[in-house]
Visitor: 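Pasting in a structure now, in structure tokens, and then I'll have a few things to ask.
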Protein chains: 4
Amino acid sequence: MNRHELILRAARTCMIEKGFHNASIKNIAACANVSAGLIYRYFENKDSIIEALVSDIVNNMKSHMDDKPRRDENQPLDIFQTSDFFADLQDNIFMLMDIASAATRNPRYKKLVVQAHNALQDDIVRREKQQHPEMDESIIRTRHYVITLLLDGVIVQCGRKGYVIDDELRQMINAIVHKLIHAK
Amino acid sequence: MNRHELILRAARTCMIEKGFHNASIKNIAACANVSAGLIYRYFENKDSIIEALVSDIVNNMKSHMDDKPRRDENQPLDIFQTSDFFADLQDNIFMLMDIASAATRNPRYKKLVVQAHNALQDDIVRREKQQHPEMDESIIRTRHYVITLLLDGVIVQCGRKGYVIDDELRQMINAIVHKLIHAK
Amino acid sequence: MNRHELILRAARTCMIEKGFHNASIKNIAACANVSAGLIYRYFENKDSIIEALVSDIVNNMKSHMDDKPRRDENQPLDIFQTSDFFADLQDNIFMLMDIASAATRNPRYKKLVVQAHNALQDDIVRREKQQHPEMDESIIRTRHYVITLLLDGVIVQCGRKGYVIDDELRQMINAIVHKLIHAK
Amino acid sequence: MNRHELILRAARTCMIEKGFHNASIKNIAACANVSAGLIYRYFENKDSIIEALVSDIVNNMKSHMDDKPRRDENQPLDIFQTSDFFADLQDNIFMLMDIASAATRNPRYKKLVVQAHNALQDDIVRREKQQHPEMDESIIRTRHYVITLLLDGVIVQCGRKGYVIDDELRQMINAIVHKLIHAK
DNA sequence: TATGAATGAGCATTCATTCAT
DNA sequence: AATGAATGAATGCTCATTCAT
């Protein structure tokens, strides 16, 4: 694995473990089995490590959505199976919490997060329109928005509860989204 | 106002303004018009200030709900008016973001937050049962859970977007919750 | 001695010994028998220590010139005795070298040094005019300018030779300045 | 051009531009279109680059004086034209400031500078004696010494004022030296 | 010979915490 | 009880120097 990737993974590990503010460059370096100075050969500063980390998550999400065939429309809905990025989401929860929190105060992070959010939203809406050409875009957008809120809520709850999306939670959300979609 | 309270308020102010990690003890002391050293007579360390702060928010929410009469069932639904703690929520968003994030890593915060969450949920469910004695408890719980998810989602979105619960957002959520409730 | 003064003296000592760039905050702290952190209670940053140091030197020079009675006009000229600041100058040579050098690139230092220089020059010219009311100001200025050049030259030479203004050097300069003054 | 020379020139360029302490090995390497590591094949360390640089300047001065025919004795005196190394001096001022400063602390630099100074002085005196065989050597030495002081003073002033030897400064110095020479 | 990745000591600065007063 | 001077460990970052290739 190349150094860039190596450091990024180490950073991810540290930040998941210790949180955004408490993962020091030295922590990351140690975790990557690399000297502290080397990190600055690959990243301009700590901020740009975060930036890369966020970009990675976003790209990961996008590629998940692009690669996998869409679910059979007749199958019972399972957004955790459907949106495959949920496999990763579990891992990313810690970071996303911190990043969302940091984005509250740091304009650079905020921009990143908002861009990522918009990019994902556009992507999702585009897909839905392909699948349901007859449906009004505003309805799609609204529906997506609700799902987004729910997912963000799930993330927060996961952080709160114990970091696991268990079956109970999974089924509950599915039911809600299902109802939500068919109510419209 | 006693010193304990005074310091806590100052801490709240600072943390809302500067965020969890960037509010220093000195900031708080200055804001409370108190010496930095004195803070350690009332709190063991910085963490326990935060702990107290979280407790405060939780208690605040509880008391809000206890004090205020419930809305007229025939009024159009507005959860931001209904759940009165939303008046505070706006102010607390910054802190809640940080706290949710910190709770991810700090078991003491987590315990606090989870307890609070459960207490609130029980409280709400109890009330709803009073109002809708005929309704199945599991439905009430589910409904509450969804609303919780949505609210957490709103908090995250607010952090992301620009810290304001504007009318558009407000109406959208209201519509969703309304639909949600009547769909069941 | 108060801490401010104490730290300043330590800084002076370190910078004389190790030079401007190589005197670290830790060096200074150790030399002052003080923790590194404490320095920042008394000075905003390293730069402002320098600033204070330069100001000190300038003020020292000025007060030397103000306090002491002027030489007897009939005595043989000895600028090293006359301008009493030369007692200090010896000590200050190292620092002045470094500062002049740093001023080459750092606009803030340059401003300081230039201001100091102008202040001293004005002071000297004013005095000379008192002593020689009949003399043309431009002549006084020119004469002072030459002396300044010579003194700066002496400083550099001292740095080069071995840090001592020995008798040979002293007499030589005196003779030159003497001739210079009487040639006009 | 051989590597040694190439690196040395790059070092000179960087140090003139950024100053003694702020010119990094990497800067120099980049400026020489050479890898950072290679520099250590030609120089033991950063200090010895500087040492070589000082030597170069000194040699340059010497060769300037050797190569060029002396001015016509009847021409009006212009030491900036006369002493041809003044063409370079302008460029070298930055470095000379730093070097003079560094020489204060570093014995190796000091030795170099003192030797150079003596060599130059001897060289100049020898020439002057050829031109003015009737003049007392001590007078020549003294005169040269004063000029040296003035030039060093000029260097310092240049650093202080704004790095340019402008016409005013030039004429003033010339007048002084002229008077100085004819007063004797 | 030449590279540039890698090291690690060092720097200025911050801040939670302690403690003499 | 209250102060705020003092501490010192920790942080992000730089850079001269080394060394495997």
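Just so you know, these numbers use all the heavy atoms, side chains as well, and skip hydrogens, waters and symmetry mates. We name chains A, B, ... by the order of the sequence lines, and we start the count at 1 in each one. These figures come from a predicted structure and were not determined experimentally.
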Visitor: State which residues pass side-chain contact (heavy atoms from CB on, under 4.5 Å) with A/Asn22; sequence neighbours excluded, sorted by chain then number.
Guide: A/Lys18, B/His21
Visitor: Under 4.0 Å from a heavy atom of chain B: give me the 5'-most and 3'-most nucleotides of DNA chain F that qualify.
Guide: F/dA1 to F/dG4
Visitor: Using modelled atom types only, decide if a donor and an acceptor are shared between the side chain of B/Asn27 and the backbone of B/Ser24 within a distance under 3.5 Å.
Guide: yes
Visitor: Verify, without hydrogens or angle tests, whether D/Ser35 (side chain) and D/Leu38 (backbone) share a donor-acceptor contact under 3.5 angstrom.
Guide: yes
Visitor: Kindly say whether B/Ile50 contributes a backbone atom to a donor-acceptor pair with the side chain of B/Asp47 at under 3.5 angstrom?
Guide: no
Visitor: Tell me, please, which residues at least two apart from B/Arg9 pass side-chain hydrogen bond (donor to acceptor under 3.5 Å, both in side chains).
Guide: B/Glu5
Visitor: Only counting residues at least two apart or in another chain, list the ones meeting side-chain contact (heavy atoms from CB on, under 4.5 Å) with A/Thr13.
Guide: A/Cys31
Visitor: Kindly indicate whether the side chain of D/Ile28, heavy atoms from C-beta on, has any atom under 4.5 Å from the side chain of D/Met15.
Guide: yes
Visitor: I'd like to know if the side chain of C/Lys46 and the backbone of C/Ala23 have a donor-acceptor N/O pair within less than 3.5 Å.
Guide: yes
Visitor: Considering every strand and a 4.0 Å limit on heavy-atom distances, what is the contact class for B/Ile25: base, sugar-phosphate, or nothing?
Guide: base
Visitor: Under a cut-off of 3.5 Å for both distances of each Watson-Crick or G-U pair, what dot-bracket string does DNA chain E give, using [ ] for crossing pairs and | for inter-strand pairs?
Guide: .||||||||||||||||||||
Visitor: Both D/Ala23 and A/Ala23 contact DNA chain F. Taking the nearest nucleotide for each, which residue is further toward the 5' end?
Guide: A/Ala23
Visitor: Enumerate the residues from residues 28-47 of chain D whose closest heavy atom to DNA chain E is under 4.0 Å, giving them by residue number; use none for an empty result.
Guide: D/Ser35, D/Gly37, D/Leu38, D/Arg41, D/Tyr42
Visitor: Within the 4.5 Å heavy-atom criterion, are D/Ile25 and D/Tyr40 side-chain neighbours or not?
Guide: yes
Visitor: Can you check whether A/Phe43 reaches A/Glu51 side chain to side chain, under 4.5 Å on heavy atoms?
Guide: no
Visitor: Roughly how many Å is it from NZ in A/Lys26 to P in E/dG10, rounded to a whole number?
Guide: 11 Å
